[in-house]
Amino acid sequence: MTHYPELSLYDFDFHAEPEGLTAGWLEGGESYARGEVADEDREILADLAALLRNKSRGYHYCTLCTEMRERFGVSDAGSARFRLGSAEIRVVSDAGQLYVAPNLVLHYIADHGYRPPEEFLAAARDEARRRGTAGTTDLPPRPPLP
């Protein structure tokens with residue numbers, strides 16, 4: 001996965017204009033912010049991650065871990081269990097700023113103590129509020145993964 005400094009311009013696709021600001025594009029050997037993330041914010045991020053935005057054809061494994069294995073996220077709102085490392089979380093603040101994070105951010109928070117920038121978390125809250133109190137009310141049920 002590509003490493004981006006926090007809140008830098010997101011330019012993953014060299015065929016398209018850069019868009020949004022980055023959050024959580026971590027890579028082994030690079031420093032990152034650590035701290036607590038409220039349960040409510042974790043739930044919101046899980047619901048948004050379950051949307052599987054900009055899904056790729058492959059998977060990225062966490063380079064902070066010593067063991068390469070699949071990671072999964074769970075969204076209670078969408079009744080979904082989904083693989084991490086192949087899609088993005090895209091949120092827009094009420095002010096109109098787009099933020100883009102890899103869905104592996106759920107793993108980084110839970111297992112590595114990563115603390116995303118507050119403005120990204122605030123934008124995720126804004127996005128969830130616009131979607132309804134359940135976070136992802138437009139998310140169809142997904143079959144369980146093997």
Which heavy atom of Ala50 sits nearest a heavy atom of Phe82, and at what distance? CB-CE2, 3.5 Å
Apply the test side chain to side chain contact (heavy atoms under 4.5 Å, CB included) to residues Cys65 and His112: give CA-CA distance (whole Å), side-chain angles for both, the deciding distance (0.1 Å), then the verdict. CA-CA 9 Å; Cys65 288; His112 298 293; 3.3 Å; yes
Applying salt bridge (charged side-chain N to carboxylate O under 4.0 Å, His left out), name anything that partners Arg125, two or more places apart in sequence or on another chain. Asp41, Glu118
By salt bridge (charged side-chain N to carboxylate O under 4.0 Å, His left out), which residues pair with Glu119, not counting sequence neighbours? none
Partners passing side-chain contact (heavy atoms from CB on, under 4.5 Å) against Glu67 (at least two apart in sequence or in another chain): Arg69
Are the side chains of Arg53 and Val100 in contact, using a 4.5 Å heavy-atom criterion? no
Does any N or O in the side chain of Arg42 come within less than 3.5 Å of the main-chain N or O of Val37, such that one atom is a donor and the other an acceptor? yes
Is there a side-chain contact between Glu36 and Arg115 (heavy atoms, below 4.5 Å)? no
May I ask you to check whether over 12 heavy atoms, not counting those of Glu19, lie within 6.0 Å of atom CD? yes
Excluding sequence neighbours, so at least two apart, what forms side-chain contact (heavy atoms from CB on, under 4.5 Å) with Thr22? Tyr4, Ser8, Tyr10, Trp25
Return the minimal non-hydrogen interatomic distance between Leu84 and Gly73, and the atom names on each side. CG-N, 3.7 Å
Say whether, by atom type as modelled, one donor and one acceptor occur between the side chain of Asn103 and the main chain of Gly85 under 3.5 angstrom. yes
With Glu6, which residues qualify under side chain to side chain donor-acceptor pair (under 3.5 Å), at least two apart? Tyr114
I want to check something: taking the side chain as every heavy atom from C-beta on, are Leu21 and Gln97 in contact at a cut-off of under 4.5 Å? yes
So how far is it from Ser86 OG to Asn54 CG, rounded to the nearest 0.5 Å? 11.0 Å
What is the distance from atom CG of Leu26 to atom OG of Ser31, rounded to the nearest 0.5 Å? 9.5 Å
How long is the gap from CD1 on Ile109 to CG on Leu104, to the nearest 0.5 Å? 11.0 Å
Give, for atom OG1 of Thr63 and atom CE of Met68, the distance between the pair rounded to the nearest 0.5 Å. 12.0 Å
Among residues at least two apart in sequence or on other chains, which ones pass side chain to side chain donor-acceptor pair (under 3.5 Å) with Asp94? Arg129, Arg130
Just by distance, do the side chain of Arg81 and the backbone of Val74 share a donor-acceptor pair under 3.5 Å? no
How many angstroms lie between CG in Leu121 and CG in Leu45, if you round to the nearest 0.5 Å? 6.0 Å
Identify, with sequence neighbours excluded, every residue that meets side chain to side chain donor-acceptor pair (under 3.5 Å) alongside Glu30. none
Check against side chain to side chain contact (heavy atoms under 4.5 Å, CB included), Arg131 and Leu51: CA-CA 12 Å; Arg131 290 176 178 278; Leu51 294 172; 3.5 Å; yes
side-chain contact (heavy atoms from CB on, under 4.5 Å) partners of Ala123, counting only residues at least two apart: Val91, Ser93, Tyr99
When rounded to the nearest 0.5 angstrom, what is the spacing between CG in Leu64 and CG in Asp111? 10.0 Å
Could you pull out all residues at least two apart from Arg57 that satisfy side chain to side chain donor-acceptor pair (under 3.5 Å)? none
Closest non-hydrogen contact found for Ala23 with Pro102 is O-CD, 3.5 Å
Mind checking side-chain contact (heavy atoms from CB on, under 4.5 Å) for Glu70 and listing every partner two or more places apart, or none if nothing turns up? Tyr61, Phe72, Arg83
